[in-house]
Asks: 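Sharing a structure here in structure tokens format.
Side chains are part of it too, since the values below use all heavy atoms of this structure and drop only hydrogens, waters and symmetry mates. In this text the structure is predicted, and so the values were computed from the model without any measurement.
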Amino acid sequence: MGELEFVRNLGIVAHIDAGKTTLSERILFRTGVERRMGAVHAGTTALDWMPEERRRGISITAAVTTVPWRDHVVHMIDTPGHVDFTVEVERSLRVLDGAVLVISALAGVQAQSEAVWRQARRHRVPGIVFINQCDRQGADFLRALADLRRRLGLLAVPVALPIREGPQLGGVVDLIARRAWVGEPGSGAHTEAAVPLELADEVELLRAELFEALAEHDDRLLAVLVDEREPEEALVRSALRRATLAGLIAPVLCGSALLDVGIDGLLDAIIEYLPSPRDRGDVHGALPGGGRGYRAPSVDQPLCALAFKFLRSARTELVLVRLYSGWLRVGDELVNPRNGAREVVGGVYRVHADSFDALPAAGAGDIVALAGCRATGTGDTLCAPGSEIALEGLVLPEPVMSLAVEPVAEAQRDALRAALAQFEREDPTLHVRDDPETGQWIVSGMGELHLDVLARRLDDEFGLTARFGRPRVTYREAPLGRGQGHARVERAMGAGTAWAEVELDIEPHPASEGVDVELGAELGLCDQRRAEVEAALRQGAQVGPREGGALGRARIVVQRVRTGLGKADGGGGEELLGDAARVALQSALAGLDVEVREPIMAFEVDSPAEVASQVMSSLLGHRAEIAEVRSEGNQTWVRGTVPLAGLFGYASLLRSASQGRAVCSLAPAGSRAVERPASARE
Ligand code: GDP
Ligand code: MG
């Protein structure tokens with residue numbers, strides 16, 4: 001691994017079908033990593049490697065790969081655009097330093113592009129934008145640019161301009177160098193040329209706009225402009241780098257991933273404007289004794305890595321980690337501060353989609369896969385022993401839909417439960433719980449597609465078939481006031497009676513749709529006991545007091561724990577703490593006043609004007625609240641919110657009702673209280 005300045009960790013993010021996978025495949029091809037260009041429609045992509053991805057032509061899981069470009073090493077993650085797989089974007093952005101947002105020159109900024117951009121902002125990940133599909137009929141670079149500014153509230157400034165948009169696409173102009181790159185589309189030829197005459201005025205206009213935007217943040221550039229001098233290329237590029245890293249500006253590039261136009265310019269921009277691990281600076285986290293600490297991006301600091309995703313190779317389970325500091329070798333011992341577990345690194349691997357090359361070691365700034373970390377979960381930190389620090393985990397969306405699963409053949413029961421447990425481990429937005437009343441399992445997830453894909457993957461990856469019930473919306477029960485619980489659990493031991501006591505409160509917490517568990521350092525629990533108590537409380541919170549929906553918008557605060565043996569405090573009973581926490585939670589739930597809430601989706605429908613009224617009335621029939629209607633030319637956009645219940649199959653229904661001309665996208669948008677009684681629902 002070279003110097004940190006020569007590393008880029010970036011994610012490719014966008015709405016579905018903007019061309020993320022095609023762009024990533026094109027980058028693999030341009031950088032010489034793959035000798036063949038993979039195509040989504042032919043199912044020959046390297047990065048969409050799962051059978052179910054190739055069958056459907058969509059990305060389901062984030063794929064990691066590494067490419068070389070101009071003496072740099074670029075670790076790249078291609079993410080899915082469908083909202084059901086949003087955790088893949090979240091976990092990627094959590095560990096990446098920069099993002100490439102791909103926008104279609106036809107469709108502009110779509111619902112999911114807006115959502116992922118907000119996600120990137122939350123993680124303070126700077127981005128550059130690639131306006132793709134400039135070769136398609138109806139492509140409009142300037143319209144897409146205006147859309148970016150309006151919808152992302154973003155100072156998007158072009159640094160490239162397409163030459164003849166649409167099927168005649170002839171190349172791109174590099175605005176900063178004031179040069180053109182031309183070639184027959186698809187030929188792979190890239191010849192440097194002068195700016196075409198017909199674009200000269202526009203190029204000067206956009207250059208002036210770029211300089212002006214940059215001068216707001218750069219005094220040296222401002223001085224040059226005030227003198228009415230032509231700024232040097234290097235000055236412009238360094239000002240643009242600083243403004244991009246600070247999140248003030250997003251450079252916009254353009255081209256066609258399919259036809260290999262503008263890709264070299266994008267790769268150059270990734271190197272020039274996106275941060276290296278060193279630019280990203282220190283990471284901060286919680287120290288074992290309480291208080292905060294940090295690690296600097298350097299191999300000289302103690303090892304600190306974040307586990308963000310699990311993969312299965314033919315032989316073993318691997319965990320993908322981002323190394324923030326230190327150095328990691330095969331055979332090293334690591335500590336997981338969440339549960340105190342010690343892990344021995346069984347192997348370090350460079351990842352290329354679903355293939356893995358063994359490495360002897362890896363250092364700060366790298367993204368690699370590790371073997372042998374069975375006690376680690378998604379979002380956990382791994383540290384050098386004696387230098388523990390726990391970084392912030394992942395922000396996970398709460399499941400909105402669930403269904404019952406049972407084996408077709410009783411002989412497969414154990415294998416099926418084990419496979420579901422493995423999927424649950426790999427996908428933290430998938431939850432499985434036993435339903436003791438029916439002997440079935442209840443699997444909950446992010447939507448119909450998510451659960452549908454699960455069924456196919458059970459067959460593809462484990463050779464198992466299961467019976468699936470009808471998908472149902474997940475109703476949650478939110479506390480309206482405080483609840484208190486207390487429990488004492490005892491067990492006879494050889495030396496006397498061991499006991500554990502737990503006292504806890506439940507309180508409303510509207511900031512999250514799920515449940516927060518607070519176990520303060522003053523409780524004096526060791527990592528392992530803390531993990532046990534938390535797991536017991538999370539399990540118990542799956543069933544609320546009213547109608548059995550999961551508890552939500554709630555915080556559970558453990559106030560006090562005590563353990564002992566006989567009359568004496570301490571020295572026994574610690575292993576009963578999980579049980580005591582569970583019983584204490586039950587007692588708190590029993591007296592709790594709750595309201596039932598249902599998940600709400602933000603929708604966006606894009607349709608031709610002549611079917612717009614039809615679309616609107618069908619939305620209202622689904623209890624939609626319309627927030628905005630906008631028309632431009634022959635297109636009408638409608639945005640608003642709508643309860644998820646009753647929306648099953650709505651997107652495909654809408655598509656067929658409008659002969660494929662209305663497109664609907666949905667994204668989770670919290671919940672709202674349900675007024676009607678349970679018997680009147682669905
Ligand atoms: P993703 O969902 O963002 O990963 O998008 P894909 O890469 O799967 O692309 C969606 C569809 O758009 C595929 O059929 C691609 O062949 C097509 N596509 C992607 N990029 C381009 C492009 O630059 N030009 C054209 N004409 N089609 C493209
Ligand atoms: Mg894709």
Side-chain angles (χ1 to χ4, degrees), residues 1-11 62-68 72-77 91-98 123-125 274-287 293-311 317-338 341-352 356-373 375-394:
M1 183 91 281
E3 286 293 315
L4 276 179
E5 282 76 8
F6 292 92
V7 176
R8 295 291 177 276
N9 287 310
L10 66 100
V64 180
T65 190
T66 300
V67 300
H72 287 64
V73 177
V74 180
H75 303 299
M76 188 170 84
I77 302 188
R91 59 168 134 217
S92 305
L93 289 173
R94 172 66 188 81
V95 299
L96 290 168
D97 301 324
H123 288 289
R124 299 177 186 286
V125 169
L274 286 181
S276 78
R278 181 149 296 152
D279 294 317
R280 287 283 280 166
D282 302 341
V283 291
H284 297 260
L287 296 173
Y294 74 94
R295 294 283 178 270
S298 155
V299 289
D300 301 327
Q301 292 243 316
L303 176 88
C304 159
L306 189 87
F308 66 96
K309 187 174 167 67
F310 289 88
L311 292 171
E317 182 194 75
L318 299 171
V319 58
L320 284 171
V321 296
R322 159 72 196 262
L323 274 65
Y324 285 98
S325 60
W327 195 249
L328 181 89
R329 291 164 211 82
V330 179
D332 278 357
E333 191 183 62
L334 307 177
V335 182
N336 179 338
R338 181 178 57 85
R342 304 224 151 205
E343 306 269 33
V344 176
V345 177
V348 178
Y349 302 90
R350 170 75 56 234
V351 183
H352 177 51
F356 308 96
D357 290 327
L359 300 172
D366 210 341
I367 292 178
V368 291
L370 307 181
C373 297
T376 295
T378 305
D380 285 355
T381 312
L382 291 169
C383 308
S387 302
E388 286 91 339
I389 182 168
L391 304 180
E392 197 81 21
L394 297 174

Asks: Which of these, Val321, Leu323, Leu96, sits in a side chain to side chain contact (heavy atoms under 4.5 Å, CB included) with Ile367?
Replies: Leu96

Asks: For atom CZ of Arg124, decide whether the heavy atoms of other residues, nucleotides or ligands shown that lie under 6.0 angstrom number more than 12.
Replies: no

Asks: If you measure from OG on Ser298 to CG on Asp282, what distance do you get to the nearest 0.5 Å?
Replies: 10.0 Å

Asks: Calculate, to the nearest 0.5 Å, the distance between atoms CD and OH belonging to Gln301 and Tyr324 respectively.
Replies: 14.5 Å

Asks: Could you work out, with side chain to side chain donor-acceptor pair (under 3.5 Å) as the rule, every residue matching His123, not counting sequence neighbours?
Replies: Glu90

Asks: Can you tell me if Glu5 has over 12 outside heavy atoms packed within less than 6.0 Å of its CD?
Replies: yes

Asks: I'd like to know if the side chain of Arg94 reaches the main chain of Glu392, judged simply by a donor and an acceptor atom lying under 3.5 Å from each other, with no hydrogens or angles considered.
Replies: yes

Asks: Does this structure show an ion pair linking Arg322 with Asp366, if we count only N-O contacts that are shorter than 4.0 Å?
Replies: no

Asks: Over all heavy atoms of both residues, which pair between Leu287 and Gly293 is shortest? Give the atoms and the distance, please.
Replies: CG-N, 3.7 Å

Asks: Is there a side-chain contact between Leu303 and Leu334 in this structure, where contact means two heavy atoms from C-beta onward sitting under 4.5 Å apart?
Replies: yes

Asks: Does a side-chain heavy-atom distance below 4.5 Å link Leu318 with Leu370?
Replies: no

Asks: Could you state the interatomic distance from CZ (Arg338) to OG1 (Thr376), rounded to the nearest 0.5 Å?
Replies: 7.5 Å

Asks: Is Asp357 salt-bridged to Arg350, going by a charged N under 4.0 Å from an acidic O?
Replies: no

Asks: Are Leu328 and Val345 packed together at the side-chain level, in the sense that at least one heavy-atom pair is separated by less than 4.5 angstrom?
Replies: yes

